[in-house]
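Accompanying notes for the structure given below.
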Amino acid sequence: NPALYTLVCKRAGLLPRETIYVDSCPDALLPAKEIGMTTVLCKTGADGVKQIESLMDLPLTNFAWSRDVYAKVLWVSNKDCQTTDA
């Protein structure tokens, strides 16, 4: 439901275009993309980080974030961005 993704952005004080939504399920990315979020389909945690580094043109590996910066980042994932589907 796109309204849920809009609500998350609103509560975080972000516009959808300012948000990167990360998930391992392609179907979960569709409503996020529909409202204007940048989406990342990741197969592993390392893969997700590489994709986000590329999008932001910013190295994230071993990057120390302040609490204020970290609070503005929405990262939705499950364990290492891996699905358990057969």
Side-chain angles (χ1 to χ4, degrees):
N1 182 348
L4 180 62
Y5 295 79
T6 302
L7 179 62
V8 169
C9 288
K10 184 177 180 178
R11 287 187 178 175
L14 297 167
L15 296 172
R17 63 178 156 74
E18 298 172 325
T19 306
I20 299 173
Y21 181 80
V22 181
D23 206 303
S24 61
C25 176
D27 291 340
L29 298 176
L30 295 176
K33 188 173 216 106
E34 185 178 314
I35 68 160
M37 289 179 165
T38 299
T39 59
V40 171
L41 177 63
C42 69
K43 298 174 178 125
T44 67
D47 174 57
V49 169
K50 284 182 186 178
Q51 290 185 65
I52 294 169
E53 285 178 329
S54 177
L55 285 168
M56 297 177 68
D57 194 27
L58 177 72
L60 300 176
T61 306
N62 299 321
F63 184 74
W65 291 12
S66 72
R67 189 172 76 184
D68 293 337
V69 171
Y70 187 73
K72 288 290 185 180
V73 175
L74 297 178
W75 178 277
V76 180
S77 70
N78 57 23
K79 188 176 186 219
D80 290 329
C81 297
Q82 302 231 358
T83 62
T84 55
D85 297 6

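All of these numbers come straight from a predicted model, not from anything done at the bench.
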Can you tell me how far [atom2] of [Y] sits from [atom1] of [X], rounded to the nearest 0.5 angstrom?
X: R17; Y: T38; atom1: CZ; atom2: OG1; value: 10.5 Å
X: C9; Y: E18; atom1: SG; atom2: CD; value: 8.5 Å
X: K50; Y: T44; atom1: NZ; atom2: OG1; value: 7.5 Å
X: I35; Y: T6; atom1: CD1; atom2: OG1; value: 3.5 Å
X: L15; Y: M37; atom1: CG; atom2: CE; value: 10.5 Å
X: T39; Y: I20; atom1: OG1; atom2: CD1; value: 10.0 Å

(message) Let me check something: do L55 and V49 share a hydrophobic cluster, defined by ILVMFWY side-chain heavy atoms less than 4.5 Å apart, either directly or through other members?
(response) yes

(request) Give a yes or no on whether M56 and V40 share a hydrophobic cluster (residues Ile, Leu, Val, Met, Phe, Trp, Tyr; joining criterion: side-chain heavy atoms under 4.5 Å apart). (result) yes

Looking only at heavy atoms, what is the nearest atom pair of [X] and [Y], with distance?
X: A28; Y: Y5; result: O-OH, 2.8 Å
X: Q51; Y: C42; result: NE2-CA, 4.0 Å
X: D27; Y: P31; result: O-CD, 3.4 Å

(request) Indicate yes or no: at least one non-hydrogen side-chain atom of L7 is less than 4.5 angstrom from one of R11. (result) yes

